[in-house]
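Right, one structure below, let's go through it.
Here is how names work: the chains are called A, B, and so on, in the same order as the sequence lines, proteins then strands, and each is numbered from 1.
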Amino acid sequence: MSDDNKDLKRERIAKRIVRELPDNALVNLGVGLPTLVANFMPKDKTILLHSENGFTGLGPMPAKGAEDWDIVNAGGFPVSILAGGCFFDSAMSFSIIRGGHLDVTVLGGLEVDEAGNLANYLIPGKMLAGMGGAMDLVVGARTVIIAMEHVNKYGEPKILKQCRLPLTAQRVVNLIVTDMAFMRVTPRGLVLEEIAADTTVDDVIKNTEAHLTLAPTIATF
Amino acid sequence: MSDDNKDLKRERIAKRIVRELPDNALVNLGVGLPTLVANFMPKDKTILLHSENGFTGLGPMPAKGAEDWDIVNAGGFPVSILAGGCFFDSAMSFSIIRGGHLDVTVLGGLEVDEAGNLANYLIPGKMLAGMGGAMDLVVGARTVIIAMEHVNKYGEPKILKQCRLPLTAQRVVNLIVTDMAFMRVTPRGLVLEEIAADTTVDDVIKNTEAHLTLAPTIATF
Amino acid sequence: MKQICTLRAAVAQITDCASIMIGGFVCCGMALRLIDALLEQGTKELTIISNDAGYPDKGVGKLVGANRIRKLIASYLGPNPDVGRKMNSGELLVELVPQGTLAERIRCGGAGLGGILTPTGIGTEVERGKQIITVDGKQYLVEMPLRADFSFVKAHVCDKMGNAFIAKSSKNFNVVMAMAARHTIVETDELVEPGALDPERVSVPGVFVKTIAWSNSHE
Amino acid sequence: MKQICTLRAAVAQITDCASIMIGGFVCCGMALRLIDALLEQGTKELTIISNDAGYPDKGVGKLVGANRIRKLIASYLGPNPDVGRKMNSGELLVELVPQGTLAERIRCGGAGLGGILTPTGIGTEVERGKQIITVDGKQYLVEMPLRADFSFVKAHVCDKMGNAFIAKSSKNFNVVMAMAARHTIVETDELVEPGALDPERVSVPGVFVKTIAWSNSHE
């Protein structure tokens with residue numbers, strides 16, 4: 001897959017997620033792919049972005065040379081604060097998250113399974129990213145959206161019957177949006193609601209280990 | 001006892017307590033008699049006063065007409081803030097208290113006993129003052145000083161073998177200063193260290209239910 | 001966006017038997033005009049969570065005097081002898097909570113915590129019915145979160161995003177209470193556009209606020 | 001009064017095997033000059049409590065690179081691959097703590113609480129060895145307080161009473177860490193007289209601070 005193509009697919013994920021954000025929502029975007037969501041904010045809705053390192057009103061990156069290194073996002077990169085935002089410390093920031101005041105969190109994933117379990121912070125012996133705020137975010141946010149590639153770099157499914165990696169949290173995921181599909185976690189497992197324009201239902205099923213229930217009508221995004 | 005005489009005795013208690021405050025101490029003064037301590041602050045020491053409703057740097061009452069009702073003490077009366085003080089909310093205020101950051105608390109008492117138990121917030125069926133911040137103050141402060149009359153309005157001892165009223169806290173009192181005596185709570189009970197200028201050791205013992213060990217020398221204050 | 005309305009419209013959402021957290025410390029930082037509007041409205045059987053009951057003729061004390069409160073959760077009743085009288089005569093339920101524990105229980109409610117372990121209250125009537133846990137040889141009470149249907153927050157300046165500046169020592173319980181209610185109502189002296197309030201001077205982030213009652217809009 | 005001194009004098013009080021909390025979030029709000037002074041001094045076998053390990057060439061990352069750390073307690077190691085390598089080779093002990101839990105455990109340490117009950121970490125490796133308590137049908141982990149010998153706080157303005165203003169998003173862990181150490185050291189860009197800092201803009205009350213290291217006094 002060419003880099004251009006890859007970028008387009010990541011954009012498609014971000015744009016699809018934007019449509020799930022309710023008006024007046026307080027939203028936290030994880031590092032990486034989820035951050036792209038900020039580039040496609042809907043003009044007809046008021047969305048307030050929360051940055052877990054300590055402010056609301058997260059705005060765009062400043063022009064080169066105009067960075068303020070006291071205003072960074074959760075990845076440590078300079079951003080800006082919009083009118084109506086405010087600063088606070090980490091204890092307050094996570095009170096907002098854990099206390100149920102966050103409407104939506106969008107995070108990346110290594111594995112998601114049929115029960116809505118999520119693994120996204122650790123591959124034993126290989127990758128030690130640390131959970132950062134992820135464990136609190138998925139436990140505290142009203143809606144948890146996972147944004148990720150449908151398969152890993154070896155072409156293996158990331159959407160499983162049961163997660164194998166250490167869990168970030170149990171039964172927390174509400175929606176999974178990938179370059180191939182839009183899936184909802186329900187008490188009866190995963191429901192495939194939409195597929196990407198350049199794929200087929202069969203292709204999605206082939207690249208998914210988890211059982212997918214098909215929605216009555218499968219839309220395209 | 002005349003009111004003038006009573007005022008003088010209360011002043012004597014306050015002045016004696018002032019001598020116990022270490023240099024650079026953070027001190028909280030309870031409502032009533034303990035508040036008097038602020039009137040006799042030593043010139044040769046730096047004492048910072050903490051007001052549990054939310055600031056450090058508690059200063060004198062403003063002149064009549066110049067009150068700022070957004071700056072009140074724990075009794076709800078207008079006071080002032082000195083240079084170097086700062087404001088905070090109740091959660092932070094009690095973090096300072098409970099977290100061991102307060103050097104001294106001076107509080108009134110209904111009863112104190114040989115073990116350093118304190119009762120000062122409730123007389124069942126009669127007085128319902130509420131503990132306010134007292135339970136946190138005596139548990140959190142490094143030194144707890146009780147300032148009170150030696151006997152109650154019926155002339156009965158308030159310093160007992162064992163408290164009868166509901167406790168504010170167990171084994172927390174370090175010093176008791178009354179109109180008659182200065183006593184220290186030790187692992188072996190109460191030690192009488194000083195007596196007021198207008199009383200005798202015998203008189204103090206007669207008005208105290210608790211057993212008093214006499215210090216090698218008994219000074220006068 | 002936030003609901004921006006009169007004091008009267010703000011309290012119209014409160015029905016009998018509701019629980020309300022009311023910030024303030026002996027009336028300093030208390031939303032006195034929201035309380036007056038609530039009194040006018042006649043709402044009763046309330047559960048009130050507040051540091052104190054103010055004075056008999058002011059703030060929460062007025063609700064006590066008018067028999068609008070079924071249960072009062074508070075730490076300090078010194079300035080209001082009415083409360084003790086009504087409690088002893090059985091007209092009012094009172095739960096006394098140490099002030100620091102009250103602040104932490106409310107904060108827990110707002111912060112999604114299941115409780116805290118505090119040394120305050122060990123060996124007193126406060127420990128009755130509560131679990132005790134020993135950590136490093138020291139005993140702690142397990143204290144549970146407090147939440148409420150509404151909270152009244154008194155601000156000096158509030159922007160239209162709900163960010164509130166609460167001046168000086170009137171912050172007190174207003175900050176944690178703003179976090180812990182399903183519906184937080186701010187009574188503000190001054191209402192400004194987003195961006196007009198310095199983001200470094202925000203005492204209560206707007207994300208906790210649902211309704212802004214503008215005192216000057218009181219009819 | 002507070003000890004007001006150079007960066008070098010401030011860290012001279014820190015001996016091998018000390019535990020240090022270091023505020024900051026991927027180097028934003030991190031006391032980089034205090035860390036440099038500590039590196040120069042050669043102190044080793046440290047226990048560091050910090051949200052992250054910064055970058056390999058900056059802040060806490062430098063201490064990792066120079067093998068000064070025995071144990072690191074942190075939540076997020078993304079920007080510093082060194083940590084994972086050193087952990088896997090056994091050179092470094094790492095305890096991962098969820099970010100919100102880290103903030104609360106430190107706050108507990110500073111606030112005299114014995115712990116908190118949090119839903120975060122239930123059903124994950126984080127719950128290992130910890131007590132689980134059910135409140136209202138929901139499971140919570142009992143998480144213990146964290147304290148340290150020292151903490152490094154980065155301020156923009158500090159008065160001589162220790163009151164510190166920490167600008168914008170650099171507040172992060174600096175506030176709770178100031179509360180939870182036996183000896184809190186503030187590295188400040190600007191040092192002012194008491195009264196010169198607006199008491200409404202104080203991020204860290206001076207009562208928590210013992211030493212003020214003035215960056216400009218760095219020799």
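Contact annotation: the side chain of V26(D) never approaches that of N53(A) to less than 4.5 Å [non-hydrogen atoms, C-beta and beyond]. Side-chain atoms of F94(A) and E104(D), non-hydrogen and from C-beta on, never get closer than 4.5 Å to each other. You'll find the side chain of E125(D) reaches within 4.5 Å of the side chain of Y121(A), heavy atoms only. Considering only heavy atoms from C-beta on, Q99(D) comes within 4.5 Å of E52(A) through its side chain. The side-chain heavy atoms of D68(A) and K168(D), taken from C-beta on, include a pair separated by under 4.5 Å.
Only the side chain of N88(D) comes within less than 4.5 Å of a heavy atom of chain A; its backbone N, CA, C and O stay farther away. Contact of V126(D) with chain A is made through the side chain alone, with heavy-atom distances under 4.5 Å. For a residue to count as touching a neighbouring chain, one of its non-hydrogen atoms must lie under 4.5 Å from one of that chain's; by this rule V31(A) touches chain D with the side chain only. In this structure, the portions of I71(A) lying under 4.5 Å from any heavy atom of chain D include both its backbone and its side chain. When heavy atoms are compared at a cutoff of 4.5 Å, S203(D) does not approach chain A at all. Contact annotation for N117(A): neither backbone nor side-chain heavy atoms come within less than 4.5 Å of a heavy atom of chain D. For chain D, the nearby part of T168(A) is the backbone; its heavy atoms alone come within less than 4.5 Å. Proximity to chain D (any heavy atom under 4.5 Å) is restricted, for F77(A), to the side chain, taken from C-beta onward.
Counting non-hydrogen atoms of neighbouring residues, nucleotides and ligands closer than 6.0 angstrom, the CG atom of D23(A) exceeds 12 such neighbours. Within a 6.0 Å sphere centred on CZ of R142(A), heavy atoms belonging to other residues, nucleotides or ligands number more than 12. Residue K71(D) places its NZ atom among 12 or fewer non-hydrogen atoms of other residues, nucleotides or ligands, all under 6.0 Å distant. For CD of E91(D), the number of neighbouring non-hydrogen atoms (other residues, nucleotides, ligands) closer than 6.0 Å is greater than 12. Annotation: K2(D), atom NZ; neighbour count of heavy atoms from other residues, nucleotides and ligands within 6.0 Å is above 12.
Residue with the most contacts toward chain A among G123(D), G84(D), A103(D): G123(D) (heavy-atom pairs, distance under 4.5 Å). The most heavy-atom pairs under 4.5 Å with chain A, out of D52(D), V97(D), L77(D), I166(D), come from L77(D). Interface remark: of the candidates P81(D), G78(D), P98(D), P98(D) forms the most heavy-atom pairs closer than 4.5 Å to chain A. Note: G133(A) leads G54(A), A119(A), S51(A), G133(A) in heavy-atom pairs under 4.5 Å with chain D. Considering only heavy-atom pairs separated by less than 4.5 Å from chain D, the leading option among G132(A), G76(A), G130(A) is G132(A). Interface check for chain D: of the options M131(A), K126(A), R171(A), Q170(A), the most heavy-atom pairs under 4.5 Å are formed by M131(A).
The nearest pair of heavy atoms linking D70(A) to S169(D) is O-OG, 2.7 Å. Contact between R98(A) and P119(D) at its shortest, heavy atoms only, is CD-CD, 4.0 Å. Taking each heavy atom of F87(A) and K171(D) in turn, the nearest pair found is CB-NZ, 3.8 Å. Across all their heavy atoms, M135(A) and T124(D) have their closest contact at CE-OG1, 3.7 Å.
Checking N174(D), L102(D), N172(D) one by one against S90(A), the side-chain contact (heavy atoms from CB on, under 4.5 Å) holds for a single residue, N172(D).
Distance check, rounded to the nearest 0.5 Å: CG of L128(A) to OH of Y76(D) gives 12.0 Å.
Side chains of D136(A) and T120(D): a donor on one and an acceptor on the other come within 3.5 Å.
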